[in-house]
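These notes are about the structure you will find just below.
The sequence lines fix the lettering, A, B, ..., with proteins before strands; numbering per chain opens at 1.
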2 protein chains.
Amino acid sequence: MKAQAPRVPLSRERVLRAAVRVADEGGIEALTMRRLADELGAEAMSLYYHVAKKDDILDGVVDLIASEINETVGQLAGPSAGAAWKAAVRRRILAAREVLLRHPWAPAVFETRAAASPAILRYYDELLGLMRDGGFSYDQAHHALHALGSRAIGFSQELFTPTSGAAGDVDQATMDMMAAQFPHLAGMLADIVHDDPASTLGWCDDQEEFEFGLDLILDGLERVRAG
Amino acid sequence: MKAQAPRVPLSRERVLRAAVRVADEGGIEALTMRRLADELGAEAMSLYYHVAKKDDILDGVVDLIASEINETVGQLAGPSAGAAWKAAVRRRILAAREVLLRHPWAPAVFETRAAASPAILRYYDELLGLMRDGGFSYDQAHHALHALGSRAIGFSQELFTPTSGAAGDVDQATMDMMAAQFPHLAGMLADIVHDDPASTLGWCDDQEEFEFGLDLILDGLERVRAG
DNA sequence: ACCTGAACACCGTTCAAGT
DNA sequence: ACCTGAACACCGTTCAAGT
């Protein structure tokens with residue numbers, strides 16, 4: 001049996017949507033031109049008729065995910081005037097985060113893109129709008145964006161996750177060695193385990209920690225706003 | 001003339017130092033096995049005798065940069081007990097940042113590494129030590145690390161830098177279009193330009209913004225500490 | 001013990017050629 | 001207008017072979 005010509009003709013739109021699908025299923029390293037063409041029932045070279053190069057695909061994919069975020073946060077409602085800005089911004093950021101959690105590979109791609117996509121610009125524009133509702137000056141809001149960093153759009157990069165990996169991975173010998181070399185890390189770990197002996201761990205850079213950091217910043221910003 | 005055998009024999013150490021040199025000069029995309037071998041006057045295949053694979057090199061490079069950070073912050077002095085913790089942590093983080101500014105490609109590599117390098121563990125261990133001096137519980141210090149995120153080691157990733165690129169790049173037509181589509185971004189930009197008409201711009205995610213965000217978080221943490 | 005040449009599988013991308 | 005086959009330059013990596 002021979003391969004059939006694709007029923008639906010290719011298009012930039014179809015290519016980008018397929019790219020998201022491939023990355024969702026196999027991670028970002030699965031996203032090669034040949035694998036992507038496969039997903040579309042075409043040859044790798046055919047893609048170049050619809051996109052300029054792979055970088056163009058990555059730009060488009062970022063814009064697509066950001067659009068998904070915009071659609072989600074677009075359904076949020078609630079007051080944002082005055083002191084209500086904080087709850088509104090918080091809601092918005094946590095909703096954006098939920099979208100990104102469905103595309104775990106996306107933050108890393110976001111970070112490699114230099115040019116801002118239209119959808120990302122829109123996201124930030126509306127975020128600024130909420131702050132303006134709260135009474136922030138543009139200068140204050142500008143600082144706020146920098147202070148939030150990638151948290152503004154729902155993720156935060158950690159260089160080192162204290163309890164990533166199951167706690168069971170660490171045997172007593174390594175634990176002792178670590179206690180000698182890194183007493184504070186060991187103490188912290190012991191404390192976390194002690195506080196929650198039933199926890200499976202491998203679960204601390206998650207929702208709770210994200211919200212702690214977010215609230216710390218939002219509270220600080222509220223203080224700036226209130227003068 | 002034919003190539004001479006390398007005078008100095010290869011070693012893991014030499015390979016890693018050469019890798020940092022190559023990345024410093026040509027960016028991370030210049031760091032290929034063949035280019036790295038060139039730098040050492042050897043063949044690409046020879047590297048595999050001293051390192052397991054490219055990933056191993058990247059792990060080693062991260063550890064090397066983190067060691068450079070540790071050496072730098074190791075020379076800092078000053079009190080850290082009680083309320084002095086904040087200044088001590090601030091000093092430490094800004095010193096780490098200076099090292100990373102000399103290796104602009106490094107943060108991106110840091111973020112791709114899952115396993116924590118010994119040098120990074122040491123950095124965090126000592127950072128935790130300063131917080132303990134300040135009176136933080138391990139649980140509080142744990143939250144603090146998450147709140148700081150990558151800022152703890154001196155950098156912060158932005159998804160979109162409001163005024164990256166020279167301001168002169170934006171002509172009036174694009175500015176008008178942007179004002180219609182993204183009123184708040186346009187307003188913010190106009191305000192920044194107005195506040196500092198002489199500024200060349202393209203210079204806002206820098207030191208000042210980093211310190212603003214850092215201080216916001218440190219102030220919030222101090223409030224947590226003081227209970 | 002340490003280094004290398006030839007080779008492999010896999011990238012992104014070009015280009016002339018097919019329909 | 002849209003798609004493809006063959007080919008190119010470049011990756012990381014293996015392995016048998018050199019000294």
Side-chain angles (χ1 to χ4, degrees), chain A residues 1-23 25-62 64 105 108-109 111-115, chain B residues 1-23 25-62 64 105 108-109 111-115:
Chain A
M1 67 165 92
K2 54 176 145 178
Q4 287 184 287
R7 294 139 193 276
V8 191
L10 293 180
S11 70
R12 184 179 162 82
E13 172 87 11
R14 281 196 74 219
V15 169
L16 297 181
R17 295 208 177 276
V20 169
R21 232 180 300 132
V22 169
E25 282 166 23
I28 195 64
E29 71 278 7
L31 185 56
T32 70
M33 298 303 278
R34 285 165 175 85
R35 170 79 183 77
L36 177 54
D38 258 18
E39 175 82 16
L40 289 160
E43 298 300 317
M45 307 76 202
S46 309
L47 304 176
Y48 287 90
Y49 193 84
H50 301 93
V51 298
K53 44 206 299 222
K54 195 182 179 182
D55 251 30
D56 186 24
I57 295 181
L58 294 177
D59 285 341
V61 155
V62 163
L64 207 55
W105 48 272
V109 180
E111 286 179 350
T112 64
R113 304 291 92 191
Chain B
M1 67 167 93
K2 55 176 143 176
Q4 287 183 287
R7 294 140 192 275
V8 192
L10 293 179
S11 71
R12 184 181 162 84
E13 171 87 11
R14 281 196 73 218
V15 169
L16 297 182
R17 295 208 177 276
V20 169
R21 232 180 300 132
V22 169
E25 282 165 24
I28 194 65
E29 73 278 7
L31 185 57
T32 69
M33 299 302 278
R34 285 166 176 85
R35 170 80 183 74
L36 177 53
D38 258 18
E39 175 81 13
L40 290 160
E43 298 300 317
M45 307 78 202
S46 309
L47 303 176
Y48 287 91
Y49 192 83
H50 301 94
V51 298
K53 45 203 299 217
K54 193 181 181 182
D55 251 30
D56 186 24
I57 295 182
L58 293 177
D59 285 342
V61 155
V62 162
L64 208 54
W105 49 271
V109 179
E111 287 179 349
T112 64
R113 305 290 92 191

What's B:S46 touching, base or sugar-phosphate or nothing? Going by heavy atoms closer than 4.0 Å.
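Contact class for B:S46: base.
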
List the atom of [X], the atom of [Y], and the distance in Å for their closest heavy-atom pair.
{"X": "A:V51", "Y": "A:I57", "value": "CG2-CG1, 3.7 Å"}
{"X": "B:A37", "Y": "B:E43", "value": "CB-C, 3.3 Å"}
{"X": "A:V62", "Y": "A:V109", "value": "CG2-CG1, 3.7 Å"}

Would you say the side chain of [Y] lies within less than 4.5 Å of the side chain of [X], judging by non-hydrogen atoms?
{"X": "B:T32", "Y": "B:V22", "answer": "no"}
{"X": "B:V61", "Y": "B:W105", "answer": "yes"}
{"X": "A:K54", "Y": "A:L47", "answer": "no"}

Contact under 4.0 Å: B:Y49 side-chain N or O vs C:dC2 OP1/OP2
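It does, given that an N or O in the side chain of B:Y49 lies less than 4.0 Å from OP1 or OP2 of C:dC2.
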
With respect to the phosphate group of D:dA1, does any side-chain polar atom (N or O) of A:H50 fall under 4.0 Å of OP1 or OP2?
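No, A:H50 has no side-chain N/O under 4.0 Å of OP1/OP2 on D:dA1.
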
With the side chain of [X] defined as its heavy atoms from C-beta on, choose the nearest nucleotide among [options].
{"X": "B:E43", "options": "C:dG5, D:dG5, C:dT13", "value": "C:dG5"}
{"X": "A:M45", "options": "D:dG12, C:dT13, C:dG5", "value": "C:dT13"}
{"X": "A:R34", "options": "C:dT4, C:dC11, C:dA7", "value": "C:dC11"}
{"X": "B:M33", "options": "C:dT13, D:dT4, D:dG12", "value": "D:dG12"}

May I ask you to list the residues of residues 52-62 of chain A, by number, that have any heavy atom positioned under 4.0 Å from an atom of DNA chain D?
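Within residues 52-62 of chain A, no residue comes under 4.0 Å of DNA chain D.
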
Output all residues satisfying side-chain hydrogen bond (donor to acceptor under 3.5 Å, both in side chains) with B:E13, sequence neighbours left out; order by chain, then residue number.
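Counting only residues at least two positions away or on another chain, B:E13 forms a side-chain hydrogen bond (donor to acceptor under 3.5 Å, both in side chains) with B:R17.
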
Reading DNA chain C 5' to 3', what string of ( ), [ ], | and . shows its pairs, if Watson-Crick and G-U wobble pairs count only when both distances fall under 3.5 Å?
||.|||||...|||||.||

Interatomic distance, [X] [atom1] vs [N] [atom2] [rounded to whole Å]:
{"X": "B:Y48", "N": "D:dA16", "atom1": "OH", "atom2": "C1'", "result": "17 Å"}
{"X": "A:L36", "N": "C:dT13", "atom1": "CG", "atom2": "C1'", "result": "15 Å"}
{"X": "A:D38", "N": "C:dC10", "atom1": "CG", "atom2": "P", "result": "12 Å"}

Between A:K53 (side chain) and A:Y48 (backbone), is there a donor-acceptor pair under 3.5 Å?
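No; judged by distance alone, with no hydrogens or angles, the pair does not exist.
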
Salt-bridge test for B:E25 and B:R21: reply yes if a basic N is under 4.0 Å from a carboxylate O, no otherwise.
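Salt bridge: no.
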
